[in-house]
Amino acid sequence: MEILKTIDVLEDKIERTKTIPLLNRILIDKEELFKAIDDIRMRLPEDLKQARMVKDERKQIINNAEAEAEKIIAEAKEKAAALVQEHEITKAAVEQAGQIIDEASRKARDLRAGANNYVTTLLTQTEEKISRSQEIVRSALAEMHSQSTMQISDDSSAN
């Protein structure tokens, strides 16, 4: 994800900035930091688009699973109808048809559950990445605020 690369670059810049002795503080170019934050904000919609794509993919998987389930059920009903017509095995056909329908229903449930689990995992991962990105931005903003406050305080005491 591009937003994570931008955050990595921002972290690298912060790491490479010289520390003010005894204060364990750094000075960083405010414009450079704001540019990086703006870049992150601009890239957030892309991450949200990815989440929407995952959601759409989930919907497509579920639709495909339901279509497959309907196909299996239709085939089972056709088989059941054909078996019922044969008078010697009518009872066995009814039992087999029920088993086929049960199996088809079970497969459909399994397909839906699998698709839901897959999409839930992808959405959870995307949510975690976005959350981490937000935490990094908040931390950077807090650090900038702290540095600005310290610089104002230092400037006031120097005068």
Report the C-alpha distance between N116 and I62 in whole Å, list the side-chain angles of each, state the deciding distance to 0.1 Å, and finish with yes or no for side-chain contact (heavy atoms from CB on, under 4.5 Å). CA-CA 8 Å; N116 282 335; I62 289 172; 3.3 Å; yes
Which donor-acceptor pairs under 3.5 Å do the side chains of residues 64-72 make with protein atoms, sequence neighbours left out?
from, atom 1, to, atom 2, distance (Å)
N64, OD1, Q60, NE2, 2.9
N64, ND2, Q60, O, 3.4
E66, OE2, R112, NE, 3.4

Counting only N and O atoms by type, is there a donor-acceptor contact under 3.5 Å from the side chain of S146 to the main-chain atoms of A142? no
Rounded to the nearest 0.5 Å, how far does CG of D39 lie from NZ of K5? 12.0 Å
From NZ (K35) to CD1 (I37), nearest 0.5 Å: 12.0 Å
Would you say that K79 contacts E75 through its side chain, given a criterion of any heavy-atom pair below 4.5 Å between the two side chains? no
Which pair of non-hydrogen atoms, one from R58 and one from A115, has the smallest distance, and what is that distance? CG-O, 4.4 Å
Can you give me the closest heavy-atom contact between A36 and T6, atom names plus distance? O-CG2, 3.9 Å
Would you indicate whether the side-chain heavy atoms of D12 and R16 approach each other to under 4.5 Å? yes
Verify side-chain contact (heavy atoms from CB on, under 4.5 Å) between F34 and M144, making sure each step is shown before the conclusion. CA-CA 10 Å; F34 284 135; M144 286 303 302; 5.7 Å; no
Going only through I, L, V, M, F, W and Y residues with side-chain contacts under 4.5 Å, is there a path from I73 to L111? no
Taking S139 for its side chain and E135 for its backbone only, find out whether a donor-acceptor pair lies under 3.5 Å. no
Taking every non-hydrogen atom, the tightest pair across I100 and A76: CG2-CB, 2.8 Å
Distance-only donor-acceptor check, side chains E143 and Q147, under 3.5 Å: yes
Closest approach of T126 and A51, non-hydrogen atoms and distance? CG2-CB, 4.0 Å
With side-chain contact (heavy atoms from CB on, under 4.5 Å) as the criterion, how do E128 and R132 come out once you've worked through the C-alpha distance, each side chain's angles and the decisive distance to 0.1 Å? CA-CA 6 Å; E128 289 170 0; R132 277 185 269 157; 4.0 Å; yes
Could you check R106 against D110 for salt bridge (charged side-chain N to carboxylate O under 4.0 Å, His left out), going step by step and ending with a plain yes or no? CA-CA 6 Å; R106 185 192 60 74; D110 290 349; 2.6 Å; yes
Please say yes or no: joined through hydrophobic side-chain contacts below 4.5 Å, possibly via intermediate residues, are L123 and I61 part of one cluster? yes
Could you see if L122 belongs to whatever hydrophobic cluster contains M53? Use Ile, Leu, Val, Met, Phe, Trp, Tyr and a side-chain cutoff under 4.5 Å. no
If you round to the nearest 0.5 Å, how far is CD of E11 from CD1 of I136? 4.5 Å
Residue pair R41, D38: steps toward the salt bridge (charged side-chain N to carboxylate O under 4.0 Å, His left out) verdict: CA-CA 5 Å; R41 281 190 181 117; D38 286 342; 3.6 Å; yes
Judged by atom type as modelled, is there a donor-acceptor pair below 3.5 Å linking the side chain of S105 to the main-chain atoms of I101? yes
Would a 4.5 Å heavy-atom cut-off, applied to side chains only, mark H145 and L141 as touching? no
Once rounded to the nearest 0.5 Å, what's the spacing between atom CD1 of I28 and atom OG1 of T17? 4.5 Å
